[in-house]
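Have a look at the structure below, then the notes.
Numbers restart at 1 for each chain; the letters A, B, ... are given by sequence-line order, proteins then strands.
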Amino acid sequence: MRTHQCACLCEADIGQDVALAGWMNSRRDHGGVIFIDLRDSSGIVQIVINPDQSESFSRAEQARNEFVLRVTGQVRLRPDGTENPGLSTGTIEVVADQLTILTRTEHLPFQIDDEDVNETLRLKHRYLDLRRTRMQRNLRLRHSLVRTIRHFLEARDFTEIETPMLTRSTPEGARDYLVPSRVHTGAFYAMPQSPQMFKQILVISGFERYYQIARCFRDEDLRADRQPEFTQLDLEMAFVEEADIMQLMEALFKLAFSELGDIKLPDTFPVLSYREAMKRYGTDRPDLRIALELVDLTDAMKDEEFQVFRRAANRKDGRVAALRVPDGAALTRQKIDAYTEFVGNYGAKGLAYIKVNSTAAGREGLQSPIVKFLSDAAIDSIIQLSNCQPGDIVFFGADAASTVNASLGALRNQLGADLGLVEEGWQPVWVVDFPLVEYDQESNRWQALHHPFTAPKEDALDEIQSDPGSVLSRAYDLVLNGVEIGGGSIRNHRLDVQRQIFRMLGLSEDSIDEKFGFLLTALSCGAPPHGGIAFGIDRIAALLAGESSIRDVIAFPKTQRAYCPLTDAPNAIATEQLNELELRVKTTASIMNAPVSENP
RNA sequence: GGGGCGGUAGUUCAGUUGGUUUAGAAUUCCGGCCUGUCAAGCCGGGGGUCGCGGGUUCAAGUCCCGUCCGUCCCGCCA
C-alpha cells in the first residue's frame with residue numbers, strides 16, 4: 001500500500017520512488033498543475049500532479065477534502081522560492097506519476113480545519129473531529145502520560161491488577177451506576193466508583209505494590225472536569241506512611257511533566273494543612289499561582305458595632321475575612337456589582353468593599369459604603385491586618401465560614417483571571433490534615449470527608465467517639481494550579497479502629513457486617529499497614545494539553561446531560577430485554593425522559 | 001433542582017428601537033477560467049422549518065410564555 005509516511009519524507013529521500021496513502025487535507029488547482037496536501041498520522045506532504053499524467057490528473061481534479069488517496073511518485077526538491085517554511089516537509093514535494101482515489105467522502109458535516117465547531121456536532125462525528133491536529137495531539141499526549149506512569153511504576157516493582165467492573169453497591173459516596181443481574185433476579189451490580197476496597201484487599205493479599213489504570217463510574221451531574229466515567233491511576237502500597245507515598249508521587253509527577261511537557265516542577269512540593277488552606281485561600285484546592293490571600297478578621301470584629309460583621313464574628317461557625325486586591329481601587333462600580341452577583345452564586349448575601357485612597361488618614365482615606373458603620377478601631381484593624389496600600393480595594397465576607405470561604409475563594413480565582421494575576425507556571429501543593437469527618441445537616445450524621453477507610457491520626461483514636469469533628473485524618477490531596485488531581489490516605493489496617501469509625505458514621509453492627517463484612521474479615525486475617533492514592537488521568541492530561549475541559553482529552557466523552565451524540569446512548573431497550581431481567585420501567589419515566597436524539 | 005450564556009444556509013457568524021426588498025457575509029458544495037500554490041486566485045450558481053410549540057401584533061429571526069438541546073457554574077461529586 002505505501003512505502004513511507006507523508007511527513008517522514010525529507011531531503012535525504014530526494015530521487016526516491018515512494019508510495020503514500022492518506023487523506024486529502026487540501027487541494028490547490030491551478031488548471032495546469034494541481035497541488036495536494038496529503039495527510040496521514042505523521043503529518044503533511046505536498047503532492048504535485050501535472051497534466052501529462054492525464055488519468056491521475058483528472059482524478060485529482062475530482063478529489064475533495066478528506067478523500068482517501070494513494071499516490072506513487074518521486075521525491076524532489078521544491079523549485080527555488082516555493083518552499084513552505086510552515087511545513088516540516090516544506091522543502092520537498094512528491095511528483096505524482098499515479099494517483100488513485102481509495103475512498104470518496106459524502107458531504108462533510110464540518111470542515112476539519114475549522115477550529116470553532118459546535119461541540120455536539122464534533123461529538124456526533126467524532127471520527128472527523130479526532131482527525132484534527134489538536135485532538136490527535138491530545139490523545140497521543142494522554143497515551144504518553146499513561147505510558148510514562150506504567151514505566152515508572154513497573155521499574156518500582158508495582159503489579160498491575162484488574163478489579164471487577166461489576167461489583168456491589170456501597171452506601172457511602174456518589175450515586176452508583178447499576179447493572180441488573182439476570183441470574184439473580186431483582187438484584188443489581190454496581191459499577192465501581194473506584195477500586196478502593198479491592199485494592200486494599202490486594203495489598204492484604206500480599207501484593208505489596210498494586211496499581212491500575214482504572215475506569216471509574218459516578219452517576220452525578222457533569223462539569224467541565226467531571227464525566228460519568230473517568231480514568232484513575234489507582235495505587236496502593238503495604239508498609240508505608242504518608243511521606244512514602246507523597247515522595248514517590250512527587251518523583252512520578254516530576255518525571256511525567258518533564259518528559260511530556262518539558263516542565264520542571266519544584267524539587268519538593270509545598271504542603272498545606274486543610275485548616276491553613278481554608279484560612280488563606282477559602283478552598284482545599286488553592287491555585288497558588290495567584291498571590292492574593294484571605295485575611296482573617298473574625299477576632300477583630302467580635303466587638304464591632306457593625307451588625308453584619310459582629311454577628312458573623314460571634315456565631316459559632318461564623319467567619320469575617322478580607323481579600324485585598326492590589327491596585328483594585330480602579331474597579332468600576334459596574335464591575336463590583338458584577339462581583340457581588342458572582343459571590344451570590346456561593347451563598348454570599350452581599351460583597352462589602354473598601355477602596356483605599358490613603359492608609360495614613362484613617363477613615364478619611366477610605367471610600368466605601370460601609371466605612372460609616374465601622375469604628376476607628378475596626379478601621380485600624382482592617383488597615384493593619386490586610387496590609388492594604390493606597391490604590392487597593394479590599395473585599396469582605398461575613399457569614400458562615402463555609403459561605404465566606406466559598407465566595408471569597410471563588411472571588412480570588414475570578415479576580416486572578418480577570419486582572420491577569422495568575423502567574424505563569426506550575427504550582428503543585430499537597431493538602432493534608434483533613435478532618436476525618438464532617439457533620440451533614442441533611443442526613444443528621446457524620447460523613448467521611450474522603451472515605452470511611454481513611455485512618456485517623458494515631459493520637460486521635462480516643463476522640464473518635466467523644467468528638468468526631470475534631471479528629472484529623474491521614475489523608476492527602478495533590479492540587480496543581482487549583483485543580484485537584486488526586487488524593488489518597490493511609491488506611492485503617494486495624495479491625496477495631498475500622499469498626500469504631502463505621503459506628504461513628506452511624507452504621508449499625510448488622511449493617512456494617514452486611515455491607516463491609518468481607519473487608520473487615522480480610523482486616524482480621526493479618527492486614528499490613530497500608531495506604532494509597534488515586535489520580536485523575538483525564539484532569540492531568542487536560543492540564544498538560546492546555547485544555548479547559550477533560551472532554552478534549554477523552555476520545556468519546558458524554559455531553560453535560562450524560563448523553564453520547566455519536567452512539568445515541570443511553571437508549572430505551574426492548575421489552576424482551578426487560579422481561580428477561582424481570583424489570584418494568586415506570587410509565588411516567590419511559591418515553592418522557594428518554595434522550596431526544598435530534599441534531600443540535 | 002437552581003442561575004448565567006447560547007441555538008439563524010452543510011459550517012462559522014451578522015441581522016439596529018418589530019417593518020427595504022426574495023433573511024445577508026465568509027467558507028463548504030456545483031459549474032467555468034487558470035502551470036508554482038500552500039486558507040491559492042478570479043467569475044458564476046445552488047443552498048434557510050431563523051431549535052420546537054404557543055401567544056401579542058396589521059406585521060415577529062427580533063417582543064412575551066412554555067419547551068428541547070448545548071455550555072459554564074451552584075447544589076451534588078465518600
- Query: Would you say the side-chain atoms of A:Arg474 pair up with the backbone N or O of A:Pro456, donor to acceptor, closer than 3.5 Å?
  - Reply: no
- Task: Name the nucleic acid region contacted by A:Ser194, choosing base, sugar-phosphate or nothing; use a 4.0 angstrom heavy-atom cut-off, strictly under.
- Result: base
- Message: Classify A:Gln560 by what it touches in the nucleic acid, base, sugar-phosphate, or nothing, heavy-atom distance under 4.0 Å.
- Response: base
- Rounding to the closest angstrom, what is the interatomic distance between B:C68 and B:G41 at atom C1'? 44 Å
- Task: Assess whether side-chain hydrogen bond (donor to acceptor under 3.5 Å, both in side chains) is satisfied between A:Arg28 and A:Gln46, documenting all intermediate values.
- Result: CA-CA 10 Å; A:Arg28 295 171 292 281; A:Gln46 173 166 283; 3.0 Å; yes
- Using a cut-off of 4.0 Å between protein heavy atoms and nucleotide atoms, how would you tag nucleotides 31-37 of chain B 5' to 3' with B, S and -? S--BBBB
- Query: OP1, OP2 of B:C76 versus side-chain N and O of A:Arg226: anything below 4.0 Å?
  - Reply: no
- Closest to the A:Gln111 side chain: B:U71, B:C77, B:U28? B:U28
- Message: Would you say the ring centers of A:Phe516 and A:Phe453 fall short of 6.0 Å from each other?
- Response: yes
- Would you mind pulling out the nucleotide paired to B:C42, Watson-Crick or G-U wobble, both distances under 3.5 Å? B:G32
- Assess whether side-chain contact (heavy atoms from CB on, under 4.5 Å) is satisfied between A:Ile49 and A:Val71, documenting all intermediate values. CA-CA 10 Å; A:Ile49 302 121; A:Val71 175; over 6 Å; no
- Query: How is A:Arg122 classified with respect to the nucleic acid when contacts are heavy atoms under 4.0 Å: base, sugar-phosphate, or nothing?
  - Reply: nothing
- Task: Let me know the distance between CE of A:Met24 and P of B:U28, rounded to the nearest Å.
- Result: 11 Å
- Task: Calculate, to the nearest 0.5 Å, the distance between atoms CZ and CG belonging to A:Phe110 and A:Leu121 respectively.
- Result: 5.5 Å
- Closest of B:U11, B:C72, B:G70 to the A:Thr559 side chain is B:G70
- Query: Looking only at atom C1', what distance separates B:C65 and B:U28, rounded to whole Å?
  - Reply: 38 Å
- Item | Nearest-Å distance once atom C1' is located in both B:G61 and B:C42 | 34 Å
- Could you measure between the two P atoms, the one in B:G15 and the one in B:C63, and give it in whole Å? 12 Å
- With sequence neighbours left out, the residues meeting salt bridge (charged side-chain N to carboxylate O under 4.0 Å, His left out) with A:Arg64 are none
- Task: Sticking with atom P, work out how far B:U37 lies from B:U21, rounded to a whole angstrom.
- Result: 41 Å
- Query: Would A:Asn405 and A:Tyr346 satisfy side-chain hydrogen bond (donor to acceptor under 3.5 Å, both in side chains), going step by step from the backbone distance to the final call?
  - Reply: CA-CA 9 Å; A:Asn405 290 337; A:Tyr346 301 87; over 6 Å; no
- Could you check whether A:Ile44 gets within reach of a base, just the sugar-phosphate, or nothing at all, counting any heavy atom under 4.0 Å? nothing
- Mind calculating the distance between CZ (A:Phe342) and C1' (B:C5) to the nearest angstrom? 15 Å
- N/O donor-acceptor pair, side chain A:Asn84 with base B:C38, under 3.5 angstrom: yes
- Item | A:Asn118 CG - B:C5 C1' separation (whole Å) | 14 Å
- Note on the structure: Mate of B:G6 across any strand shown (Watson-Crick or G-U wobble, both atom pairs under 3.5 Å) is B:C69
- Separation of B:U28 atom C1' from A:Asn25 atom CG, nearest Å, is 15 Å
- Message: Can you check the distance between B:A60 and B:U16, where both ends of the measurement are the P atom (answer in whole Å)?
- Response: 16 Å
- Note on the structure: When rounded to whole Å, the CD to P distance for the pair A:Glu119 and B:U11 reads 16 Å
- Message: Without decimals, in angstroms, what is the distance between A:Arg539 CZ and B:C77 P?
- Response: 14 Å
- Query: Is there a Watson-Crick or G-U wobble partner for B:C58 with both distances under 3.5 Å, and if so, which one is it?
  - Reply: B:G19
- Note on the structure: Closest of B:C29, B:C72, B:U11 to the A:Val117 side chain is B:U11
- RNA chain B: A:Glu442 or A:Ala224, which has the more 5' nearest nucleotide? A:Ala224
- Task: For nucleotides B:G47 and B:U12, find the distance between their C1' atoms and express it as a whole number of Å.
- Result: 16 Å
- Pair listing, salt bridge (charged side-chain N to carboxylate O under 4.0 Å, His left out) test, anchored in residues 107-119 of chain A, at least two apart: A:Glu119-A:Arg551
- Query: For the side chain of A:Arg223 and the base of B:G75, is some donor closer than 3.5 Å to an acceptor across the two?
  - Reply: yes
- Sticking with atom P, work out how far B:G70 lies from B:C64, rounded to a whole angstrom. 24 Å
- Nearest-Å distance for atom pair CD/C1', residues A:Gln414 and B:C74: 14 Å
- Which comes earlier along RNA chain B counting from the 5' end, the contact point of A:Gly90 or that of A:Glu220, where each point is its nearest nucleotide? A:Gly90
- Message: When you measure only distances, ignoring hydrogens and angles, does the side chain of A:Asp221 come within 3.5 Å of the base of B:G75 through a donor and an acceptor?
- Response: yes
- Which part of the nucleic acid does A:Ile34 contact within heavy-atom distance under 4.0 Å: base, sugar-phosphate only, or nothing? nothing
